[in-house]
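In what follows, chains are A, B, ... by sequence order, proteins preceding strands, each numbered from 1. Worth knowing before you read on, the calculation uses all heavy atoms, side chains too, and leaves out hydrogens, waters and symmetry mates.
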Amino acid sequence: MSQNLFSEMRDHVVAALTAIVPDLSPEVLARVEVSPTRDPAHGDMATNAAMVAAKPAGQNPRALAQALAETLAGLPLLAQAEPAGPGFVNLRLSTDALLGQVPVILQAGESYGDSRFGGGTRVNVEYVSANPTGPMHIGHCRGAVVGDALAAVMAKAGFAVTTEYYINDAGGQVQALGWASYWRYLQAAGSTITPEEFEAQTPTGLQYRGDYLIPVGEALFREFGTSLAGPDLGLAEPSLWFETVRDRALTMMLVEIREDLALLGVQQKVFSSEAALLASGAADRVIGELEAKGLIYEGVLEPPKGKTPDDWEPRPQTLFRATDFGDDFDRPLRKSDGSNTYFANDIAYHADKIARGADILIDVLGADHGGYVSRMKAVVKAVSDGRVPLEVVLCQIVHVMRGGQPVRMSKRAGTFVTLRDLLDEVGRDAVRFTMLMRKSDAQMEFDLDQAVAQTRENPVFYVQYAHARCRSVLRAAVEQLGADAMTPDALAGADLSALDDAQEIALIRALMNWPRLIEGAAAAREPHRVAFYLYDLASEFHMLWNKGRDDTTLRFLQADDAAGTRARLALVTATATVIRSGLQVLGVTPAEEMR
RNA sequence: GCGCCCUUAGCUCAGUUGGAUAGAGCAACAGCCUUCUAAGCUGUGGGUCGGUGGUUCGAAUCCACCAGGGCGCGCCA
C-alpha cells in the first residue's frame with residue numbers, strides 16, 4: 001500500500017474523472033485535489049474534482065459529483081463515496097485501507113513521509129550568513145532555524161538540498177572589526193589609550209565596542225606580545241599589523257559563530273567566503289558576462305521621490321539594468337572608490353552557487369533585507385538566463401518577552417540578547433520549536449516564560465511529552481509481552497481490528513496526513529507547518545490517552561486482551577514513529593521520558 | 001512620496017495555495033482528579049476575518065482603493 005493515501009486516491013479520482021469527461025485539459029486536471037475533511041462526518045477525504053471540471057465539461061457540478069461518486073464507489077480502498085455540498089465528493093476509506101496505514105508506517109519507520117515530490121531538483125538554501133563581526137543574536141536565530149528546517153523539509157520531500165552560509169568577510173565592516181580588535185589588543189598589552197584618542201586615528205571609527213572582542217585582543221597579545229604595537233603602546237603603522245589582526249579576529253569570530261550554530265543544532269554543508277570569491281576574480285568575471293549581455297551601463301539615478309537624502313547629488317555610476325527584470329530602478333555595482341558594492345559581490349556569489357549546480361536558489365533573509373530582494377531576483381534571472389529562480393524567505397523581527405514585558409535588545413543598555421544567552425536559558429529544543437510556531441513572514445513574540453514552561457501552553461513540551469508517553473507505554477509493554485513481540489515488524493503483522501474507537505481512528509487519520517503535509521510544506525517553503533502538524537498530532541494522541549482515563553477499556557495495555565493490546569501498541573509505535581520523523585525535520589530531540 | 005510584509009476571538013496565533021458551519025492555546029465560566037505519567041481532564045461562552053467595492057458556483061484567501069503596524073528606499077552588509 002502507498003504511503004500517501006491522498007496522492008493514491010487522487011490518481012483514482014483523476015482516472016475516474018477522465019473516464020466520465022474524456023477531454024479535460026492538463027490545467028484543469030492539475031487543479032483536482034484530494035484533501036482531508038475538516039469534519040469527520042464528511043468522511044476521511046474529499047475531492048473538488050467535480051467542481052473544477054464542471055465548467056469545462058459543461059455539466060452541473062452536483063450531477064458530475066454524483067457520477068464521480070458512483071464510479072469511485074467500486075474502489076476497494078473506499079467504503080463510501082457520495083456527493084456533498086456544492087459538488088464535493090466525500091470519500092470514506094474502508095476499514096482495511098485506514099488500518100492498513102499503521103503497518104505501512106511501522107515498516108517505513110522514520111522514513112515515513114519521504115517522498116519523490118521534489119524529483120531530485122537541486123536546491124541551494126542559504127541562511128544565517130551573519131557578518132563575522134560579532135556573536136549571533138536572536139535576530140539571526142530565527143533565520144537559522146527556519147533555513148535549517150526548510151532544508152530538512154525539502155530534503156524529505158525529495159529535493160536534492162545543499163545548505164550554505166555566506167561569510168561576508170570582505171567589506172568595510174570587516175575593516176572596522178580589524179580596527180576594533182586592534183584596540184582590544186592595545187588594551188591587552190597595557191595601553192592606556194582612550195576610545196576617543198584611538199577612534200580619531202582610524203579610518204572606520206570604533207564601531208564594535210562590545211566585550212566580545214576582549215578575548216581577541218588578549219589572544220593577539222599572547223601570540224605577538226607588544227610587537228604589533230607602536231611606540232609607547234600607541235598605534236603602529238597599519239601595514240605592519242592590519243591583515244594579521246583582521247584575519248585572527250575573523251577566524252575567532254567565525255569559530256564562535258560556528259559554535260553557536262552547533263549549539264543550536266545547525267550545520268550548513270558549505271561555508272563560502274566572500275573574500276575568497278573576490279580573490280578568484282569571480283566578481284569581475286560575472287560583471288563582464290553581464291556587460292557582454294548589454295546589461296551594464298554608466299548612468300545617473302534619479303533621487304527617490306518624496307524623500308531626497310540631504311547629501312543627494314547626481315553622479316554617474318556603474319549600473320545593472322535591474323529594471324529589465326522587474327526591479328524598480330537600476331542598481332549600482334561600484335562604490336566611488338572603485339571597489340564593488342555588496343550587491344556586485346553577491347551577484348558573483350549567486351552565480352557561483354548556480355555554477356556549482358542548482359536548479360533553485362533560496363535565500364533566507366531578515367526582514368531588514370526586504371528591499372534587497374527585487375534586485376537580487378532580477379540579477380539571478382539575468383545571470384542564469386531565466387533558468388534558475390531565486391526565492392527569498394523573509395524572516396520578520398522577533399520580539400523577546402519576559403513576564404509580559406519586552407526585553408529590549410540594546411547593546412548600550414547591556415540587555416543585548418545573544419543566541420547563546422537564549423540557548424542557555426531555554427535550551428535548543430524549545431528555541432527551535434518555538435521559532436517555528438510562527439509563519440516566518442509574520443512578526444513574532446518569543447515568550448521566554450512560555451518556552452521553558454512544562455505545560456500544555458508550551459508546544460514543544462506538549463509534543464515531546466506525547467512522544468515520551470508513547471515510549472513510556474512501550475517500555476511498560478516490554479515487561480509484559482517481551483521485546484520480540486514489540487519490534488515494528490512484529491507489530492506490523494498484528495490484527496488491528498480492535499482499533500475501532502472514534503479517537504483511535506482520529507489518530508490514524510492524523511498519522512496518514514504526514515506524507516501529504518511534508519509535500520505541502522516543502523512546496524510552500526513553510527517549515528512551520530510541520531510544527532503545527534506535530535502539535536495537532538500530539539493533541540490527538542493526548543486525547544486518546546485521556547479518554548482511557550474515563551474508559552479503562554481504551555487503555556493501551558489490557559492484561560486480558562493480548563490481541564487488542566498488540567493492536568494498540570502498533571498504533572502507539574506508529575505515533576511515536578511519526579512524531580520522531582517530524583521532530584527530526586525540525587531538529588528537535590524526541591524525549592524518551594520527562595521527569 | 002514609493003516598494004515589500006503584516007492586520008483573524010479579550011491575548012498569542014493557525015487556517016492545507018479559492019471550498020462545506022472560520023480553528024487552537026491562554027484568559028473567562030461550569031464540572032471532574034484514589035489513574036497505563038493529573039508538570040491535569042471534560043464541557044460552555046466568545047468573531048462584521050482592519051474597512052469599502054469587485055472577480056465567480058463559492059473569498060479570511062484573488063484584484064482595486066482606504067485605514068493602521070513593521071521593514072526598506074544611490075557607494076552598510
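Qualifying salt bridge (charged side-chain N to carboxylate O under 4.0 Å, His left out) partners for Arg38(A), counting only residues two or more places apart in sequence or in other chains: none. Under the side chain to side chain donor-acceptor pair (under 3.5 Å) criterion, Thr589(A) pairs with Asp429(A), not counting sequence neighbours.
Regarding the sugar-base torsion, U17(B) falls in the syn class, its angle being within 90° of 0.
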**OP:** Let me have a per-nucleotide readout for nucleotides 24-29 of chain B, 5' to 3', with B, S or -, counting only protein heavy atoms under 4.0 Å.
**Re:** SSS---
Below 3.5 Å is the cut-off: list the nitrogen or oxygen pairs between protein and nucleotides 5-7 of chain B, distance only.
{"residue": "C5(B)", "atom": "O2'", "partner": "Asp441(A)", "partner atom": "O", "Å": "3.0"}

Please tabulate, one pair per line, each protein N/O and nucleotide N/O from nucleotides 18-20 of chain B that are separated by under 3.5 Å, including the distance.
{"residue": "A20(B)", "atom": "OP2", "partner": "Arg38(A)", "partner atom": "NH2", "Å": "3.0"}
{"residue": "A20(B)", "atom": "N6", "partner": "Asn90(A)", "partner atom": "OD1", "Å": "2.5"}
{"residue": "A20(B)", "atom": "N1", "partner": "Asn90(A)", "partner atom": "OD1", "Å": "2.9"}
{"residue": "A20(B)", "atom": "N1", "partner": "Asn90(A)", "partner atom": "ND2", "Å": "3.1"}

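Of the side-chain N and O atoms in His528(A), none sit less than 4.0 angstrom from OP1 or OP2 of U16(B). Using a 4.0 Å cut-off, some side-chain N or O of Lys335(A) falls inside it from OP1 or OP2 of A77(B). Contact annotation: Ser35(A) side-chain N/O to U16(B) OP1/OP2 distance is not under 4.0 Å.
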Subject >> Secondary structure string for RNA chain B (Watson-Crick or G-U under 3.5 angstrom, | for other-strand pairs) >> reply: (((((((..((((.....[...)))).(((((.......))))).....(((((..]....))))))))))))....
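No N or O donor and acceptor, one from the side chain of Tyr533(A) and one from the base of U16(B), sit under 3.5 Å apart.
The distance between atom OH of Tyr462(A) and atom C1' of A38(B), rounded to the nearest whole Å, is 13 Å.
Judged purely by distance below 3.5 Å, without hydrogens or angles, the side chains of Tyr166(A) and Asp363(A) never pair a donor atom with an acceptor atom.
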